[in-house]
There are 2 protein chains.
Amino acid sequence: MSAVRNTKQKQLVLSLLKNSGRPMTAGEIYRLAVQQYPNIAKSTVYRNLENLVSRGEVSQGMHQNGESFYSIADENRHLHYMICKGCKMMIDFPKCPLSNVEREIAKSSGFYVTGHSLQIYGYCKNCRDKAKI
Amino acid sequence: MSAVRNTKQKQLVLSLLKNSGRPMTAGEIYRLAVQQYPNIAKSTVYRNLENLVSRGEVSQGMHQNGESFYSIADENRHLHYMICKGCKMMIDFPKCPLSNVEREIAKSSGFYVTGHSLQIYGYCKNCRDKAKI
DNA sequence: ACTGTTATTGCAACTCATTTTCAATAAGCC
DNA sequence: GGCTTATTGAAAATGAGTTGCAATAACAGT
């Protein structure tokens, strides 16, 4: 009974994500993947990403337009991002103010928290200096 | 020079949102709107929502699948939601832990924060009692 | 109230991320 | 090597949201 198979495509998606030091959308990953493996299908990239997320190896966030982005999960760091509306750069925001809050919620309302989604939007120093804002 | 016109469609969208005590997606609003105004167009609903959001009368959030939801903006309350993965109910979560954090960010990194997106996911008391979790 | 201007609408076609279907392929246990 | 079946590629489908454009209706000026 082999449950999970370790395919070239899966390895490729994971390695692209590991080598890029930043979060990427499925589209970006697909475009890079095609360069190394020309006939990989878009659906394969999506399926592998979904798989990696559900296994906890990759974590998933969302842009303002509803597009998902993916990054290697790091069990030691719970990470959010500040996203610059000028240059779209995503800056790590490791200080999550929610862990305490979640405990309070559970206690007071009986709501069992499984996770949360947090993104901070604005303009990075660079874009502000360039007079964009 | 009349800049903004007060159309029946706009009034309808706003009143549906006011009467429903909860956030709704554009699709939900459209389905309700059609009942009262059978040939209102989907695009009209979207355009009015966009308009109301940019004027600050309505605030916008996002579900895990990328779909937007809308609710009447209340200038006195900065609001987030806890979203139950069982019954999809959205529960107000008025205590936002970010205002202080945002100030710190600006000071330490030069990032100018314009806003943030925060949702908390889990299971409400009701769904937990029904042994769903 | 009547008229002209133009913001807004309805409709249909479009975009674009993501999902699904299904036959063909290839991991990996024997 | 052969067999089973998880996974793939390709193409079509889905669904939220957007856009182009001619028709409509708000509303300011008269």
Side-chain angles (χ1 to χ4, degrees), chain A residues 1-17 23-55 57-71 83 88 90 117 119, chain B residues 1-17 23-55 57-71 83 88 90 117 119:
Chain A
M1 263 166 275
S2 69
V4 176
R5 290 178 189 177
N6 194 23
T7 65
K8 289 181 179 116
Q9 294 89 333
K10 190 173 293 180
Q11 289 168 28
L12 179 54
V13 167
L14 198 54
S15 81
L16 286 171
L17 221 35
M24 292 192 290
T25 65
E28 289 173 324
I29 295 168
Y30 171 64
R31 262 168 261 134
L32 288 178
V34 167
Q35 291 175 19
Q36 293 188 40
Y37 199 111
N39 60 353
I40 192 172
K42 223 179 347 167
S43 52
T44 299
V45 172
Y46 276 101
R47 281 186 283 228
N48 278 315
L49 285 170
E50 185 191 346
N51 206 282
L52 289 163
V53 168
S54 75
R55 282 168 50 190
E57 294 190 53
V58 165
S59 59
Q60 182 176 13
M62 198 175 280
H63 287 296
Q64 271 178 313
N65 61 1
E67 199 176 357
S68 287
F69 58 79
Y70 302 87
S71 56
I83 304 175
K88 311 298 177 197
M90 300 178 69
S117 159
Q119 274 91 236
Chain B
M1 265 169 276
S2 68
V4 175
R5 289 178 191 177
N6 195 23
T7 64
K8 289 183 180 115
Q9 293 90 333
K10 189 173 296 181
Q11 289 168 29
L12 179 54
V13 167
L14 199 53
S15 82
L16 286 171
L17 221 34
M24 290 192 290
T25 65
E28 288 174 324
I29 295 168
Y30 171 65
R31 259 167 263 135
L32 289 177
V34 166
Q35 291 176 18
Q36 293 189 41
Y37 199 111
N39 60 352
I40 192 171
K42 214 177 7 156
S43 52
T44 299
V45 173
Y46 276 100
R47 282 187 280 231
N48 278 317
L49 285 170
E50 185 191 346
N51 206 282
L52 290 163
V53 168
S54 75
R55 283 168 51 190
E57 294 189 54
V58 165
S59 57
Q60 183 175 14
M62 196 177 282
H63 285 297
Q64 270 178 314
N65 61 1
E67 200 176 355
S68 287
F69 57 79
Y70 303 85
S71 57
I83 304 174
K88 311 297 177 199
M90 299 177 70
S117 160
Q119 276 89 235

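Quick note on labels: first sequence line is chain A, next is B, and so on, each numbered from 1. Values reported hereafter were calculated over all heavy atoms of this structure, with side chains retained and with hydrogens, waters and symmetry mates removed. Predicted model, so just to flag it, every value in this text is computed and none were measured.
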Report task. Could you check whether A/Y37 gets within reach of a base, just the sugar-phosphate, or nothing at all, counting any heavy atom under 4.0 Å? Result -> sugar-phosphate

Closest to the side chain of A/R5, out of D/dG9, D/dT7, C/dG10, is D/dT7

Rounded to whole Å, the NZ-P distance (B/K10 to C/dT9) equals 6 Å

So, B/Q119 side chain and B/M62 main chain: donor-acceptor pair closer than 3.5 Å or not? yes

Side chains of B/Q60 and B/S68, donor plus acceptor under 3.5 Å: yes

What one should report as the nearest heavy-atom pair of B/M24 and B/E28 is CA-OE1, 3.1 Å

Q. With a 4.5 Å limit on heavy-atom distance, are the side chains of B/I40 and B/K8 in contact?
A. no

B/R31 atom CZ is separated from D/dG15 atom P, nearest whole Å, by 11 Å

* Short side-chain N/O contact to D/dA25 OP1/OP2 from B/N6, under 4.0 Å -> no

**Study point:** Pairwise side-chain contact, B/T7 with B/K10, heavy-atom cut-off 4.5 Å (strictly under)
**Key:** yes

Here the distance between atom P of D/dA25 and atom CD of B/Q11, to the nearest Å, is 15 Å

B/L12 CG to D/dA26 C1', in whole Å, measures 17 Å

Could you walk me through whether B/T25 and B/Y70 pass side chain to side chain contact (heavy atoms under 4.5 Å, CB included), step by step? CA-CA 6 Å; B/T25 65; B/Y70 303 85; 5.9 Å; no

Do the side chain of B/N48 and the main chain of B/T44 share a donor and acceptor less than 3.5 angstrom apart? yes

* Within the pair A/N39 and D/dT8, is there a side-chain N or O less than 4.0 Å away from OP1 or OP2? -> no

Counting primed atoms, P, OP1 and OP2 as sugar-phosphate and everything else as base, the B/S/- map of nucleotides 18-23 of chain C against protein heavy atoms under 4.0 Å is BBBB--

DNA chain D nearest-nucleotide lookup for B/K8 and A/K8: closer to the 5′ end is A/K8

Separation of D/dT8 atom C1' from A/N51 atom CG, nearest Å, is 13 Å

A/Y30 atom OH is separated from D/dT8 atom C1', nearest whole Å, by 13 Å

Rounded to whole Å, the NE2-P distance (A/H63 to C/dC16) equals 16 Å

Here the distance between atom C1' of D/dT7 and atom CD1 of A/I40, to the nearest Å, is 11 Å

| query | At under 4.0 Å between heavy atoms, what does A/N65 touch on the DNA or RNA strands: base, sugar-phosphate, or nothing? | reply | nothing

Q) Within the pair A/T44 and D/dG9, is there a side-chain N or O less than 4.0 Å away from OP1 or OP2? A) yes

- Message: So, does A/Q9 get its side chain near the phosphate of D/dG9, meaning an N or O under 4.0 Å from OP1 or OP2?
- Response: yes

